[in-house]
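Worksheet: the structure to be examined is printed underneath.
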Amino acid sequence: MLTNHLFTITTPLYYVNDRPHLGSCYTTIACDAISRFKRLEGKEVIFITGVDEHGQKIQRTAESNSISAEEHCNNISSKYSELWNTLNITYDRFVRTTDANHQNVVNQFFNNVKKSGDIYMGNQKGWYCVGCEEFKDISENTERPQCDIHKKDLEWRNEENLFFRLSKYQTKIEQLVTSNDFIHPISRRNEIIKFVSKGLKDFSISRVNVTWGLPVPGYDGHTFYVWFDALLGYLTATLNNGGEYKLEQLERSGWPADLHVIGKDILRFHAIYWPAMCMSAGIDIPTRIYGHGFLTREGNKMGKSLGNVLNPLTLYELVGIDPIRWYLLRDINFGFDGDFQNKRFIDLINNDLANTIGNLLNRTITMSRKWFNNKVPIVTVNGNELIKSKSVHTINIVRKELDRYNFLKASEGIIELAKQSNIYLNDNAPWVAIKNDENYDEVSACIYDVLESTRIIGILLQPLLPNLSSIMLKQLSYSPEKVWANDLVWGKLEQDIELPTPKPIINRLDTNIEI
RNA sequence: GUCAGAGUAGCUCAGCUGGUUAGAGCAUCGGAUUCAUAAACCGAAGGUCGGGAGUUCAAGUCUCCCCUCUGACACCA
């Protein structure tokens with residue numbers, strides 16, 4: 001397999017403690033946009049997503065709902081896959097850490113790491129919060145410490161755990177994280193560099209009191225802790241291509257991942273633990289880690305306690321997929337935090353999609369049909385070069401920015417072309433010119449130019465708004481190819497072909513709706 | 001607490017190595033138009049650039065102090 005034609009991208013494996021929220025949607029939609037872009041650029045993409053299903057927290061949630069952990073995981077996992085299907089996410093693999101094959105991969109990986117001499121038995125002791133399920137960094141001499149979050153007394157625990165020798169990889173990890181392209185965005189890279197420079201400590205990879213997890217081979221009572229379970233899901237998913245689940249098969253299956261897209265909260269584990277683990281297991285390390293920001297709502301954190309969590313499914317049923325994607329991709333600077341604002345959401349959709357782009361398509365097709373026998377005009381004179389050169393310019397910008405995962409800049413470029421096209425129409429006023437027969441050829445050229453720039457807008461929107469894009473192109477009687485290089489050429493719209501009656505490509509949102 | 005980043009029009013942000021009247025989009029108001037989803041187009045208003053001091057012929061842009069916010073500071077799925 002020609003690996004340079006492959007592009008492997010992953011979302012995090014979402015923890016199935018609760019149903020999916022807008023944050024996981026954001027990550028997944030970003031990955032979807034990247035995947036679609038890469039495919040359009042001619043790559044063969046392996047788009048991996050999935051769920052992380054083990055751990056005490058899940059066990060406990062299941063218990064509180066009086067169902068088995070398996071049942072709980074099945075419920076929530078299907079909520080995820082169903083949501084991705086509803087949102088038309090083009091994922092190729094959906095991995096569950098409860099898959100039998102996953103255990104197989106985990107065992108192989110663990111054995112490799114063990115052979116490298118990087119596993120040892122140690123003691124994990126400290127103040128432990130049952131609610132948080134973690135050890136707190138509080139001095140041993142503290143009397144009756146409490147958990148800040150749960151306001152409960154902490155328990156002193158001294159637990160036998162297996163450890164991974166992360167400290168051994170200090171130098172290699174330092175080199176890795178300081179290299180230019182490994183961690184994005186740069187602000188986060190600096191945090192990681194600083195963290196690593198303070199010295200890496202070994203970390204525990206097993207738990208003794210958690211039954212809902214994968215057993216560690218050779219160590220009775222131990223189950224793998226999250227990082228030696230969940231992260232390996234990427235490998236399991238990569239190997240899920242009809243072949244054998246052998247680590248030796250990874251390289252010809254699309255590993256290493258070209259891009260792990262994750263939330264900033266788990267950056268350290270992906271940028272430090274994970275590559276060190278891969279080095280130890282003798283497999284290639286991923287090429288790039290991209291930590292994106294979090295979403296707030298009207299300036300506040302989204303959370304159950306505030307009762308302001310935005311349910312993606314509700315939002316979808318209210319406005320459809322295009323507004324959601326447009327808002328997340330065009331308004332949030334990928335890599336930074338974003339704020340979801342009701343008013344801004346509505347303004348953005350109505351302005352960009354309905355008014356600027358939608359109306360451009362509508363008015364241009366209407367004119368073309370009205371004056372050219374329901375068809376695309378036949379051009380006999382050269383049009384103004386302005387819109388053509390503007391289009392070519394926009395194509396370059398959008399491709400360049402998408403290649404950097406800068407959806408915001410790419411979107412702005414597209415909007416700019418739509419604005420220029422609207423201005424071009426207003427400046428040339430073909431509806432005035434057409435009243436004089438002498439201008440017929442000139443008007444043909446003008447309308448064709450704008451139909452063409454609108455087609456290019458439709459093509460460029462494919463990775464960002466696949467649904468809206470396809471509606472636009474259908475109205476322009478244009479069928480795009482799988483790879484967009486040939487579509488992104490001026491003059492591809494056939495002349496003298498029928499144009500159907502245009503319909504609004506998206507309805508304006510009522511400015512009074514509450515999301 | 002320590003370190004890092006940020007505080008510029010109502011909102012979201014641009015403003016590279018200091019240099020003429022501080023920019024954009026959205027929101028607001030006005031004009032004009034009708035091909036179009038009362039859309040597009042043109043224009044106006046709107047900022048003592050967090051506060052204070054300093055360097056300089058000149059500071060949003062450099063230095064110092066203060067205030068506010070965000071993030072990191074190891075086991076947070």
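Model, not experiment: these values are computed from the prediction. Convention: sequence-line order gives letters A, B, ...; per-chain numbering from 1.
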Distance, [atom1] atom - from [M] to [N], rounded to whole angstrom:
N      : M      : atom1 : answer
A27(B) : A45(B) : C1'   : 13 Å
A72(B) : C57(B) : P     : 45 Å
C16(B) : G60(B) : C1'   : 14 Å

**Prompt:** Given Arg60(A) and Asn17(A), is the side chain to side chain donor-acceptor pair (under 3.5 Å) satisfied, shown in steps?
**Reply:** CA-CA 9 Å; Arg60(A) 210 168 285 164; Asn17(A) 194 38; over 6 Å; no
>> Do Tyr14(A) and Ser24(A) have side chains that approach each other closer than 4.5 Å (heavy atoms only, starting at C-beta)?
In response: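 SC-SC contact between Tyr14(A) and Ser24(A) confirmed.
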Is Phe224(A) close to Arg207(A) at the side-chain level, that is, under 4.5 Å between some pair of heavy atoms?
->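 Sidechains of Phe224(A) and Arg207(A): no contact.
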Distance check needed: [N] [atom2] versus [X] [atom1], whole Å only.
X         : N      : atom1 : atom2 : value
Gln341(A) : U12(B) : CD    : P     : 6 Å
Asp352(A) : U37(B) : CG    : P     : 19 Å
Leu451(A) : A36(B) : CG    : P     : 15 Å
Ile262(A) : A77(B) : CD1   : P     : 12 Å
Leu417(A) : A40(B) : CG    : C1'   : 15 Å

Any base atoms under 4.0 Å from [X], or only sugar-phosphate, or nothing? Heavy atoms, all strands.
X         : answer
Gly293(A) : nothing
Leu13(A)  : sugar-phosphate
Lys503(A) : nothing
Phe163(A) : base
Ile365(A) : nothing
Ile505(A) : base

Determine which nucleotide pairs with [N], using a 3.5 Å limit on both distances of a Watson-Crick or G-U wobble pair.
N      : result
U20(B) : none
G7(B)  : C67(B)
C49(B) : none

task = Please tell me which of Lys201(A) and Arg188(A) maps to the more 5' nucleotide of RNA chain B, matching each residue to the nucleotide holding its nearest heavy atom.
result =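 With Lys201(A) and Arg188(A) compared, the 5'-side residue is Arg188(A).
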Check: Between Asn190(A) and Asp331(A), who's closer to the 5' end of RNA chain B by nearest nucleotide?
Finding: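 Its nearest nucleotide lies further toward 5', so the answer is Asn190(A).
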inquiry  = Stacking between Trp431(A) and C35(B), defined as ring centres under 5.5 angstrom apart with planes under 30°, is that present or not?
reply    =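 Here the ring of Trp431(A) and the base of C35(B) are stacked, with centres under 5.5 Å and planes under 30°.
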Ring centre gap for Phe334(A) and Tyr290(A) strictly below 6.0 Å: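 Aromatic pair counts; centres sit under 6.0 Å.
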N/O donor-acceptor pair, side chain Asn426(A) with base A40(B), under 3.5 angstrom: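 Indeed, a donor on one side and an acceptor on the other fall under 3.5 Å apart.
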Between Lys343(A) and Asp347(A), is the closest basic N to carboxylate O distance under 4.0 Å?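 Looking at Lys343(A) together with Asp347(A), the answer is yes, because their closest N to O distance falls below 4.0 Å.
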Q.
Taking salt bridge (Lys or Arg N to Asp or Glu O under 4.0 Å) as the criterion, tell me which of Arg189(A), Arg188(A), Lys194(A) meets it with Glu191(A).
A.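 Running salt bridge (Lys or Arg N to Asp or Glu O under 4.0 Å) over Arg189(A), Arg188(A), Lys194(A) with Glu191(A) returns exactly one hit, Arg188(A).
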* To do: Output yes when at least one side-chain N/O atom of Asn351(A) is less than 4.0 Å from OP1 or OP2 of C26(B), else no.
  =>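 No.
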